[in-house]
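Below: one structure, written as structure tokens.
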Number of protein chains: 2
Amino acid sequence: MIIVPSMIRLTAQRQAILDMINTSERHWDADELARSLSDSGQSIGIATVYRGLATLEEAGLIESIQLADKKRYERADKAHHDHMICTACGSIEEFAHATIESLQLSVAAEKGFAVSGHQLVMFGLCRKCTQGEQK
Amino acid sequence: MIIVPSMIRLTAQRQAILDMINTSERHWDADELARSLSDSGQSIGIATVYRGLATLEEAGLIESIQLADKKRYERADKAHHDHMICTACGSIEEFAHATIESLQLSVAAEKGFAVSGHQLVMFGLCRKCTQGEQK
DNA sequence: ATGGTAATGATAATGATTATCGTTCCATCC
DNA sequence: GGATGGAACGATAATCATTATCATTACCAT
Ligand SMILES: [Mn+2]
Ligand SMILES: [Mn+2]
Ligand SMILES: [Zn+2]
Ligand SMILES: [Zn+2]
């Protein structure tokens, strides 16, 4: 499958957002990003941050996951993966499992459902928090 | 595993909410529920609807899925399943797949992650909307 | 340079959910 | 049977993430 990102103008603001995301392994929300950009001297209006994130995602340059309260963005230059989120410390771990992926598609196919995207999130305690638990 | 729902008082309002959910196959949001209750003569304050839904869920009497914009509730008296959501008509289809479930747990176990819950949602076009598409 | 379109930024608006607070309901104890 | 303290309600204000407005600015192509 060939992805053809619609041509967008890489303005200074969009470039700053993209750089911030691409040079990190974090899953950013709009506010964190705006604050971080501001701290690094590159202050961008919050509305522009939201618009920039949406535009960059449409262009396929970044990806997002929709969590309960907010949307979080991450770099798009890694293979597809899903997430495990620690309900204690908030850390996000990634995982990929080819069999799970293909089983999803086959289940959908059985139902005549044409999948365009999916999101699998597991909640629980990460290793660190599980250990720290037994006080 | 034995589930012990904390004892809650089944007030008239909570009962009305529970009945509405249990006698349907829908995935309700708070507003739809309040409106429907109002239509059926059983009008309940919107704040009470929100509180009732949260309380009933904690007690294990209903379940929820968190979608992008809002939370939707459904009856808890069926086996665990996940969802496929049509991005054209909004319909929600359910599916269950034991292998996917167990693979999830094994992936988590590998990472030392203690899973307490998960949510798998696929987005795309349902059979009906796929067919109606070719105009 | 100039006109036109896209992007930006400050701010208002929106929509779902939660917080507040005075009132009402209930179970329990004289 | 009535007093009483806590739980639940309902109306409404507040919150929070996101989107809409709109005047201003930047960029592109004649
Ligand atoms: Mn990720
Ligand atoms: Mn369901
Ligand atoms: Zn943790
Ligand atoms: Zn559909």
Side-chain angles (χ1 to χ4, degrees), chain A residues 5-21 26-59 61-74 85 90 92 119 121, chain B residues 5-21 26-59 61-74 85 90 92 119 121:
Chain A
S6 59
M7 180 89 89
I8 67 166
R9 227 165 71 195
L10 232 354
T11 64
Q13 290 85 340
R14 290 173 182 168
Q15 187 64 253
I17 293 170
L18 187 54
D19 288 345
M20 186 69 74
I21 292 175
R26 299 183 49 179
H27 298 80
W28 302 82
D29 68 35
D31 201 56
E32 289 170 349
L33 212 36
R35 195 183 323 279
S36 184
L37 285 165
S38 177
D39 289 348
S40 73
Q42 182 74 255
S43 175
I44 297 179
I46 186 63
T48 301
V49 171
Y50 275 103
R51 281 183 300 229
L53 287 169
T55 302
L56 290 170
E57 183 175 23
E58 280 168 41
L61 298 175
I62 58 176
E63 287 183 354
S64 73
I65 53 177
Q66 173 70 54
L67 301 187
D69 46 340
K70 60 185 68 165
K71 211 167 178 182
R72 289 185 171 276
Y73 295 84
E74 65 178 318
I85 302 180
I92 301 180
Q119 183 174 295
V121 180
Chain B
S6 57
M7 178 88 88
I8 67 166
R9 230 166 70 196
L10 233 351
T11 65
Q13 290 85 341
R14 290 173 181 169
Q15 187 63 253
I17 294 170
L18 187 54
D19 288 346
M20 186 69 74
I21 292 176
R26 300 182 49 180
H27 299 80
W28 303 83
D29 68 36
D31 201 57
E32 289 169 349
L33 212 36
R35 196 183 323 281
S36 184
L37 287 165
S38 177
D39 289 348
S40 72
Q42 181 75 255
S43 176
I44 297 179
I46 185 64
T48 301
V49 171
Y50 275 102
R51 280 183 299 228
L53 287 169
T55 302
L56 290 169
E57 183 175 23
E58 279 168 41
L61 298 174
I62 58 176
E63 286 183 354
S64 73
I65 53 177
Q66 173 71 53
L67 301 186
D69 46 342
K70 60 184 68 164
K71 210 167 178 182
R72 288 185 171 277
Y73 294 85
E74 65 177 318
I85 302 180
I92 300 180
Q119 184 175 294
V121 180

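Residues B:V121 and A:V121 form no side-chain contact, since every pair of their non-hydrogen atoms from C-beta on lies 4.5 Å or further apart. Taking 4.5 Å as the limit, some side-chain heavy atom of A:I92 sits within range of a side-chain heavy atom of A:R72. Contact check for B:L53 versus B:I21: side-chain heavy atoms found under the 4.5 Å cut-off. Contact check for A:L67 versus A:D29: no side-chain heavy atoms found under the 4.5 Å cut-off.
As judged by a 4.0 angstrom heavy-atom cut-off over every strand, B:R51 is placed among the base-contacting residues. As judged by a 4.0 angstrom heavy-atom cut-off over every strand, A:T48 is placed among the base-contacting residues.
Between A:T55 and A:I46, the residue anchored closer to the 5' end of DNA chain C is A:T55, taking for each the nucleotide with the nearest heavy atom.
Across all non-hydrogen atoms, the minimal contact from A:E74 to A:R26 is CB-O, 3.8 Å. Listed here is the closest heavy atom pair of B:G52 and B:I17: CA-CD1, 4.2 Å.
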Going through the distances and angles, do A:Q119 and B:Q119 end up as a side chain to side chain contact (heavy atoms under 4.5 Å, CB included)? CA-CA 8 Å; A:Q119 183 174 295; B:Q119 184 175 294; 6.0 Å; no
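Here C:dG9 is the nucleotide among C:dG9, C:dA6, C:dT17 with the atom lying nearest to any side-chain atom of A:Q13. Checking C:dA16, C:dT20, C:dG9 against every side-chain atom of B:Y50, the shortest atom distance belongs to C:dA16.
In this structure, the CZ atom of B:R9 is 10 Å from the P atom of C:dT28, given to the nearest Å. Atom P of nucleotide C:dC26 and atom CD1 of B:I8 are separated by 15 Å, given to the nearest angstrom. The CZ atom of B:R35 sits 13 Å away from the C1' atom of C:dG15 (whole-angstrom rounding). A straight line from CD of B:E58 to C1' of C:dT18 spans 14 Å, rounded to a whole angstrom. Look at CG on A:D69: it is 15 Å from C1' on C:dG15, rounded to the nearest Å. Look at CG on A:L53: it is 15 Å from C1' on C:dT8, rounded to the nearest Å. Between B:K70 atom NZ and C:dT14 atom C1' there is a gap of 12 Å when expressed in whole angstrom units.
In the 5' to 3' direction, nucleotides of DNA chain D lying under 4.0 Å from heavy atoms of chain A begin and end at D:dA17 to D:dC27.
At a non-hydrogen distance threshold of 4.0 Å, nothing from residues 26-33 of chain B comes into contact with DNA chain D.
With hydrogens and angles ignored, the 3.5 Å screen pairs no side-chain donor or acceptor of A:S36 with any backbone N or O of A:E32.
Of the listed residues (A:V49, A:T48, A:D19, A:T55), just one forms a side-chain contact (heavy atoms from CB on, under 4.5 Å) with A:R14, and that residue is A:T55.
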